[in-house]
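Take a look at the structure set out below.
Only a predicted model underlies this, so the values are computations on that prediction, with no experimental measurement involved. Lettering of chains follows the sequences in order, A, B, ..., and the numbering in each one begins at 1.
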Amino acid sequence: MNWLPPALSTYAADIDRIFYVILVITGIIFVAVEVTLIVFMIKYRGREGRKAYYIEGNTKAEVIWTVTPAIIVLALAFASQDVWSRLKNPDRFPSDALTFSVEAKQFEWNFTYPGIDGVLGNGDDFTIRNQLHLPVGQPVVVHTSSIDVIHSFFIPVFRIKQDIVPGMVIPVWFEATETGEFELACAELCGLGHYRMRARVFVHSQEDFASWMAEQS
Amino acid sequence: MSDAVVMSGGVHAEPGMRVYNQKLGMWVFLTSEVMFFTGLIGSYLILRSAPGVEWALPGEVLNVPLTAFNTFILICSSVTMVKAFAAIESGDQKGLRLYLVATVVLGAFFVGVQGFEYYKLIEEGFLPHCGEELAALVPSCHLYGSTFYTMTGFHGTHVSIGVLCMIWVTVKAFRGKYTQGDHGGVEVIGLYWHFVDLVWILLFTIVYLI
Amino acid sequence: MATVEAVAGQMAHAHHDDRSFLRRYIFSTDHKMIGIQFLFACLFFLLVGGLLAMLIRWQVAFPGKPLPFGGIFPETMAPNGIILPEFYNALVTMHGTFMIFFAIMPLLVGVYANYLIPLKLGAPDMAFPRLNMMSFWLFVSSGIIMLASFFVEGGPSAAGWTVYAPLSAVPEYSGVSAGQQLWIVSIVFFAASSLLGSVNYITTVINMRAPGMTLFRMPLSIWSLFITAILALLAVPILAGALVMLLFDQTIGTTFFLPEHGGQPLLWQHLFWFFGHPEVYILILPAMGMVSDIIANGSRKPIFGYHSMVFAIAGIAFLGWIVWGHHMFQSGMNPLLGTSFMVSTMAIAVPTAIKVCNWLATMWRGNIQFHTPMLNATAFVAMFTVGGLSGIFMASNSLDIFIHDTYFIVAHIHYVLFGGSLFAIFAAIYFWYPKMFGRMMNETWGKVHFALTFVFYNLVFFPMHIIGIGGHMRRIYDPTQYTFMQPMQPMNRFITISAFLLFVSQIPFVINFFWSLFKGKKAEINPWRDNGLEWTVPSPPAHGNFEITPTVYRGPYEFSSPEVDEDFLPQTTPLNGDRRTAPEQVPGD
């Protein structure tokens, strides 16, 4: 099964696992409902001179199909919660992360890198358009902002998506697990060039990344 | 009276237990209005309470005494509305007409004062998007202007529509269309009027006083 | 007062209808005619929405290829038949707008609330017939304004049907100025129309029920339309307020949603979805209600668990107010809110499951009649189940991080609104057509239409789940821009061809609908052997509905009751031991 894009961040597998758990549960319910429906349609199809069984309800049955889904969805909510807070709650972000920033505008991404000192805001920062470079095996936090409309920061292989709202700075983090070149997309309709608001994501080995950074600054 | 209306509607489930259609319809409509103003007031509170947003001090831009007086006028118009309804409840046609006219006059006066207030403010350079001088004085002047004009403007529109309906009811009253037993129109317009009055008291408090 | 007098006046005409052509067919105050007017208007808008969808699908499957019929659009939209990105965004926006505001919602509420509420409750008309007429004409005006926005400079709104600020608030950002303002004005008109409708429906249900028609003897269709009206009453004014703020931001320089002067783009989303999520239930609850009626009829059995069905409708409606944030998981709002919205959203699965199980239990040991309405109603259950289950994927806030704004969402909404609402609408059209027009629709062609629609519908929308899981974003003009989406192009073409076939599959319906108006078999009073009050009066019912105010003795679902030989027992048929709850009255006397 390779419907999902390759899972190349540390938490991608966790999100995929939630997907498969929900898929199995809903799949079972789906089959159960549709099979029941078809069986009933065949078995109880109308025949001349027959009368349906007169029954108005059954409290016990109704309690069962009230309580069962309640338990299932509560469990799902509980299972989703940890991944959510790990990804989105800034208090739980990795503390040893590299920090970049990105400024989105119609229709491009301007990534700002901290330079060799590793700190944004000092003199050696540099900005590259539509290219996100990062090292493998190292958490990265990107502070996102927009100067015009709402964009959305979406890297499918990392399973991360975050709307970028003008007037707000929203941090996003991820840690790549494999080197290579991938794609970053804008996922929120942002105007006529929305469909081509694309950036390339380069995941380097740690050494390559260090030398790239030195070269740029 | 409610029986009479139900009868002419041709449906008789539990006569006497129900509110007649027009009154119920008005209540239902007002629920919707409550949501409308909740949306406006809620947005106001959210925008105002955001970090970094600073409003003008009460009275710094707006003329509080003038509007306080105007608020008093509107409350008086609610009182005359009650009087008008009480008059027709006891079959007093003359009282009905007198108090309806008073309500129309007070309501129109309120709208007039609000128009004057707008005129003065715009003259002083306070616009929905804020003037340059005020931008220096009030940090979040743009939002201040946006919310002020939108909220009071919508309320003013409601009062104006109310006055127009009230004129119509008054004309009907002068033609003797309302009787002690049949005066739903007066009651229904009264409900609307009191609602608009109530909203103003809220708006006055949060827009002018705090 | 005047309105009630008007009703009473009209009642006198129940037997000899001497209204002029204009009063009878155009500016009618008769709820049945208004319902029929809504039906024609909405079917027209449904066609518009469908055509827009075809253009969207063409572009997604064959980006950059000229349309087969060449350059019929002006240079600013599709020069030589090649759709421009700005036109594509407009198409996406207007497809959503027309389908949601001008097709599905009024088809359910405008058509069936109007047509069914007075008939099923035994009332002569709505509480406020003239407001009802105004409601229809406001709706038509708003539709015309929306259509007009295609012809202004810059084209129609291109900010998505959710018109997120600041894209929608600043003309320079979207390239659309007049079109966006017309969009807002149109929806404000629509809101006014909806408000008048809601006031009418609610007042009518509370005040105008026939003797014996207690609340818990009302059919589920009426319950759901009643609760829907309450939702619309409370939700639509929030939208209206937000829209006016958006309009002011565009025109008079306010800054509600513009961050450079302290405004908040997220405020727009909160307001929009605070309206928008109840709106979602406005779009599905009436469908559930009417399907319940039709499934009970088709199964010849009482609806299973009538009371829990009512409470489930009310429960869904209530929960609808506290879940709007699940549209905004990735919007940048506080992540703690994301957690609470996930829990409340998941809770909706409970009343929904109750409904699905009760429909199945209704069919259990039934004597199922597969007439076209029943086929469409069963398809509703089957497809709504898929839509409900796919909702659980995005209710999980962490999984939503990945599937938000992808085709998975598109698949979900179409399983709910097409697989759910639209199949229910088809069921309702086939079911109540004989009452509306006095003739039956052709059953064979109805079944052909059903089968084709069911097959192609699934071929269109099921694959969208798969490409959505692959990460395919929605609202993308040219998917081949991205390397990772290029392998999905064959699937996109498959979806598009299926979509064209789905569109073509509607031709039998259109022909059947119009052909039957004139040539269909004459309908009996009660062709489906149903229990409702509307089936006790001629097809179509006379102006004023009931010659004598009916008395109701029981609930609407007494099918196969052991008390009688037939397999149905109308609500108005007295049995031994039933007492009239009110003296017989001739209305209008």
Side-chain angles (χ1 to χ4, degrees), chain B residues 4-15 18-29 31-40 42-44 46-48 50 52-54 127-130 135 139-147 149-150 153-154 172 177-178 182-185 188, chain C residues 1-5 7-8 11 121-124 127-128 131 195 198-200 202-204 206-214 233-242 244-245 248-249 252-256 258 261-264 267 270-271 274-275 544 549 581-583 585-589:
Chain B
V5 175
V6 171
M7 294 295 277
S8 64
V11 192
H12 318 256
E14 299 118 281
R18 288 167 315 168
V19 180
Y20 59 94
N21 283 351
Q22 278 68 16
K23 189 171 167 185
L24 179 65
M26 179 50 82
W27 275 113
V28 173
F29 170 72
T31 330
S32 188
E33 290 280 64
V34 167
M35 290 306 281
F36 180 81
F37 282 102
T38 306
L40 290 184
S43 304
Y44 171 89
I46 289 169
L47 289 169
R48 189 175 170 175
V53 171
E54 257 183 77
L127 295 161
H129 54 89
C130 200
S140 301
C141 182
H142 282 87
L143 280 186
Y144 190 56
S146 302
T147 50
Y149 280 105
T150 306
F154 264 113
K172 279 181 84 176
K177 300 273 183 191
Y178 300 112
D182 178 8
H183 51 264
V188 169
Chain C
M1 296 297 107
T3 358
V4 168
E5 283 151 18
V7 178
M11 290 304 303
L121 295 182
F128 310 108
L131 291 187
L195 169 64
S198 301
V199 169
N200 238 323
I202 294 171
T203 311
T204 308
I206 294 178
N207 257 5
M208 314 253 304
R209 282 169 286 128
M213 180 61 89
T214 59
L233 181 84
L234 302 178
V236 174
I238 300 282
L239 176 71
V244 173
M245 292 186 226
F248 286 172
D249 273 9
I252 65 166
T254 62
T255 61
F256 289 103
L258 303 177
H261 296 297
Q264 295 184 22
L267 175 64
H270 280 293
L271 291 171
F274 189 71
F275 147 79
T549 302
T581 42
Q585 296 263 355
V586 180
D589 60 357

message: Nearest 0.5 Å, please: how far is OG1 in B:T38 from CG in C:L234?
response: 9.5 Å

query: Which residues pass the side chain to side chain contact (heavy atoms under 4.5 Å, CB included) test with C:I206, sequence neighbours left out?
result: B:L24, C:I202, C:F226

Which of B:I46, B:V28, B:T147, B:V53 touches chain C most, by non-hydrogen pairs under 4.5 Å: B:V28

- line: Across all chains, not counting sequence neighbours, the side chain to side chain donor-acceptor pair (under 3.5 Å) partners of B:S146 are none

query: What part of B:F154 gets closer than 4.5 Å to chain C, counting heavy atoms only: side chain, backbone, both or neither?
result: side chain

- line: Whatever's closer than 4.5 Å to a heavy atom in chain C on B:S140 counts as neither

message: Let's go through C:F128 and B:N21 carefully: what are the C-alpha distance in whole Å and the side-chain angles of both, what is the deciding distance for side-chain contact (heavy atoms from CB on, under 4.5 Å) to 0.1 Å, and is it a yes or a no?
response: CA-CA 8 Å; C:F128 310 108; B:N21 283 351; 4.1 Å; yes

query: Under a 4.5 Å cut-off applied to non-hydrogen side-chain atoms, are B:L47 and C:Q264 in contact?
result: yes

Spatial distance of atom CE (B:M35) from atom CZ (C:F275) [nearest 0.5 Å]: 12.0 Å

query: Which region of C:L195, side chain (C-beta onward) or backbone (N, CA, C, O), has a non-hydrogen atom less than 4.5 Å from a non-hydrogen atom of chain B, or is it both or neither?
result: side chain

task: Return the option, out of C:D249, C:L258, C:V244, C:T204, with the maximum number of heavy-atom pairs under 4.5 Å with chain B.
output: C:V244

task: Using a cut-off of under 4.5 Å on heavy-atom pairs, state which of B:G52, B:G39, B:S43, B:G42 scores highest against chain C.
output: B:S43

- prompt: Which one of B:S32, B:P139, B:G25 has the most heavy-atom pairs closer than 4.5 Å to chain C?
  reply: B:S32

query: Going from CG on C:N207 to OH on B:Y20, what distance comes out if it is rounded to the nearest 0.5 angstrom?
result: 11.5 Å

message: Shorter than 4.5 Å, heavy atoms on both sides: which option in C:L121, C:V199, C:T214, C:L233 has the most such pairs with chain B?
response: C:L233

- prompt: Atom CD1 in C:I238, atom CG in B:L40: separation rounded to 0.5 Å?
  reply: 8.5 Å

query: If you look at every heavy atom in C:I252 and B:H129, which pair is closest and at what distance?
result: O-CD2, 3.5 Å

Residue C:F248 versus chain B: region with a heavy atom under 4.5 Å: side chain

query: For the residue pair C:F256 and B:T150, what are the closest heavy atoms and their distance?
result: CZ-OG1, 3.2 Å

